[in-house]
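Single-structure report; data block below.
All chains are named by letter (A, B, ...) in the order of the sequence lines, taking the proteins before the strands, and each is independently numbered beginning at 1.
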Protein chains: 2
Amino acid sequence: METRELRYFVAVAEELHFGRAAQRLGIAQPPLSRAIAQLERRLGVALLERTSRTVALTRAGSVLLIEGRAALDAVDAADRRTRRAALATTGHPGLVLVTKAGASGELLAKLLDAYASEPDAVPVDVLLCGIGEQERMLRDGRADVALLHRPFDSTVGLDCEELRTEGQVVVLPAGHPLTAQDEVRMADVAELPGLPPPRRRGPDGTYPDGPGPEVRDTTQLYQLIALSRTSAILPESCRADLRHDLAAVPVVDAPRVTTVIAWPPHSRSLALAALIRTATRL
Amino acid sequence: METRELRYFVAVAEELHFGRAAQRLGIAQPPLSRAIAQLERRLGVALLERTSRTVALTRAGSVLLIEGRAALDAVDAADRRTRRAALATTGHPGLVLVTKAGASGELLAKLLDAYASEPDAVPVDVLLCGIGEQERMLRDGRADVALLHRPFDSTVGLDCEELRTEGQVVVLPAGHPLTAQDEVRMADVAELPGLPPPRRRGPDGTYPDGPGPEVRDTTQLYQLIALSRTSAILPESCRADLRHDLAAVPVVDAPRVTTVIAWPPHSRSLALAALIRTATRL
DNA sequence: CGGCATTGATACCGCGCGGGTATCCATCGC
DNA sequence: GCGATGGATACCCGCGCGGTATCAATGCCG
């Protein structure tokens with residue numbers, strides 16, 4: 001099976017439309033039809049149900065969609081990491097660390113500081129990305145290592161080490177009545193009048209339904225809280241860089257959040273190993 | 001990057017010889033030289049150092065060897081799992097479970113029994129393989145789920161659940177002086193005169209150096225112990241199916257062994273989920 | 001119920017690329 | 001210095017990928 005065939009199939013399976021898929025791939029529709037037919041012939045498996053008006057996935061097709069995406073990510077990762085390894089010999093870049101924008105700020109700063117003072121440290125690029133994108137970044141080679149937060153992020157298919165766990169706080173507009181208390185419980189903040197919980201983008205790029213505002217990153221979130229449009233439950237370390245017009249109150253019975261450092265399972269890079277060692281010794 | 005190019009490169013990188021690699025791939029040597037040159041040109045990266053007498057990997061080449069193998073495994077997995085999914089609709093096979101030959105016998109039997117009596121169970125093929133091969137089987141799609149034993153097997157890059165932990169025993173020829181004791185310590189069995197520890201095949205297919213015999217599976221091992229050529233430290237559950245001419249003595253300070261059920265991280269199969277649920281409830 | 005738009009499949013064509021053979025050139029061993 | 005070894009180069013052929021034109025089946029509309 002060639003990656004070209006996989007790319008073609010994934011495009012059709014995602015669009016469920018040969019014309020649009022062909023457009024997305026930058027080829028004409030007939031060669032695409034032919035390529036899919038040939039793939040099915042070679043596999044000896046029907047992947048799509050076509051009714052000349054509509055296209056649907058068979059059971060085998062769904063399997064190939066999932067597995068094919070993973071395989072394409074692995075190929076992309078091979079490409080990117082090879083290119084980066086070549087640059088590394090000639091000098092500059094080193095590791096790419098990815099984390100959620102606006103999370104674990106001081107932990108990250110401490111880690112980068114400690115690592116930079118190691119004898120054979122290499123430059124570390126920091127990449128900030130949206131919620132749930134880190135795993136993909138690691139899998140397709142855009143990043144080498146990530147800071148994740150359990151239980152929010154899944155560490156499925158990754159190697160990881162725990163760095164620390166912390167409680168959570170509810171972040172409210174300064175002056176909100178609840179800020180007078182020194183602690184609250186989940187029940188107290190589950191349904192705050194006028195402050196519905198924000199809706200975050202899911203892994204599929206869509207937002208769940210509900211009354212709260214859609215948020216993409218922490219800056220947006222803070223601004224919306226300052227405007228009294230929403231509230232949020234966040235790890236207590238967020239207090240370190242909270243805006244002056246926000247206040248945080250510990251939520252004693254919120255699930256504890258574990259910050260982990262995670263990396264793709266087969267990495268053999270010495271620089272990565274040193275960074276991880278530094279992180280676990282913090 | 002096409003899988004054909006990856007296969008070609010991996011062959012050359014493993015053989016470090018264009019002629020032999022071409023032979024292995026079933027093509028002539030010149031097209032192979034060209035394909036590698038083209039791959040290097042497209043990546044913009046030197047992968048091999050050629051000196052017209054010898055071939056060596058560059059740093060980038062080593063990265064591509066590791067990452068490329070993983071990517072090819074992922075593509076193979078997509079192929080195999082798709083084929084199997086198609087068969088599943090028409091009837092017979094279901095899940096493939098892989099474990100080390102001769103380990104966790106009764107646990108496996110209990111698991112298969114319990115699962116078979118579930119309402120919507122599918123047939124489970126059991127595959128036995130050598131030490132350290134299971135991870136590869138899961139990654140390239142030859143198996144769906146495995147029983148592994150920590151700390152011996154690595155669960156890197158896999159999802160898993162712990163099933164049970166147990167102590168270890170030293171297995172000796174019946175009548176050996178130590179079998180008179182009801183327990184021993186690691187120090188007592190570290191260097192048994194005349195019974196050097198067996199040498200097991202490593203992940204790269206080679207055996208470490210040392211005085212002990214090479215063993216590939218448990219049957220061989222038992223036979224060699226019965227012949228007083230070696231001894232072994234094994235999980236205590238091995239006592240259930242020990243030959244009559246062997247004896248086991250608990251080793252009180254040996255590391256405890258954890259049996260885990262492991263599967264590739266992105267599986268979405270309902271049958272697999274049911275099997276795992278059954279396993280964790282045992 | 002007939003015309004039209006939509007959408008996937010088929011027919012056919014041209015060229016680029018992968019693979020083959022023959023050969024060259026550099027290096028090593030004697 | 002000569003042959004053997006091993007990778008690169010030159011050249012040719014045929015398959016296969018991608019393109020255009022067209023067909024065929026289905027759903028929508030009047």
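Taking a cutoff of 4.0 Å between a charged side-chain nitrogen and a carboxylate oxygen, R83(B) and D79(B) qualify as a salt bridge.
For Q23(B) and dG19(C), the CD to C1' distance is 17 Å, given to the nearest whole Å. When rounded to the nearest whole Å, the span between CZ of R7(B) and P of dG19(C) equals 11 Å. Between the CD atom of E15(A) and the C1' atom of dT7(C) there is a distance of 14 Å, given to the nearest Å. Put simply, CG on L32(A) is 15 Å from C1' on dT10(C), counting in whole angstrom units. Put simply, CZ on F9(A) is 16 Å from C1' on dG8(C), counting in whole angstrom units. For the pair L25(B) CG and dG19(C) P, the interatomic distance rounds to 10 Å; values are reported in whole Å. Protein atom CZ of F18(A) is 21 Å distant from nucleotide atom P of dC23(D), rounded to whole Å. One atom, CG of L47(A), and another, P of dG8(C), lie 16 Å apart when rounded to the nearest Å.
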K100(B)/E133(B) under salt bridge (Lys or Arg N to Asp or Glu O under 4.0 Å): CA gap, chis, key distance, verdict: CA-CA 8 Å; K100(B) 277 193 281 290; E133(B) 294 179 43; over 6 Å; no

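In Q220(A), the CD atom is crowded: over 12 heavy atoms of neighbouring residues, nucleotides or ligands sit closer than 6.0 Å. The environment of CD in Q23(B) is sparse: at most 12 heavy-atom neighbours from other residues, nucleotides or ligands sit within 6.0 Å. Other residues, nucleotides and ligands contribute more than 12 heavy atoms inside 6.0 Å of the CZ atom of R24(A). For CZ of R7(A), the number of neighbouring non-hydrogen atoms (other residues, nucleotides, ligands) closer than 6.0 Å is greater than 12.
Residue R53(A) is classed as a base contact, given a heavy-atom separation below 4.0 Å to a base. Within the nucleic acid shown, T54(B) has no heavy atom closer than 4.0 Å to any nucleic acid atom.
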Per-nucleotide protein contact string for nucleotides 10-22 of chain D (B base, S sugar-phosphate only, - none; heavy atom under 4.0 Å): -B-----BBBBB-

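Residue H17(A) places no side-chain N or O under 4.0 Å from the OP1 or OP2 atom of dT6(C). Side-chain nitrogen and oxygen atoms of S33(B) include at least one within less than 4.0 Å of the OP1 or OP2 phosphate oxygen of dA8(D).
Taking the ring centre of Y8(A) as origin, the terminal cationic atom of R4(A) falls inside the region bounded by 6.0 Å and 45° from the ring axis.
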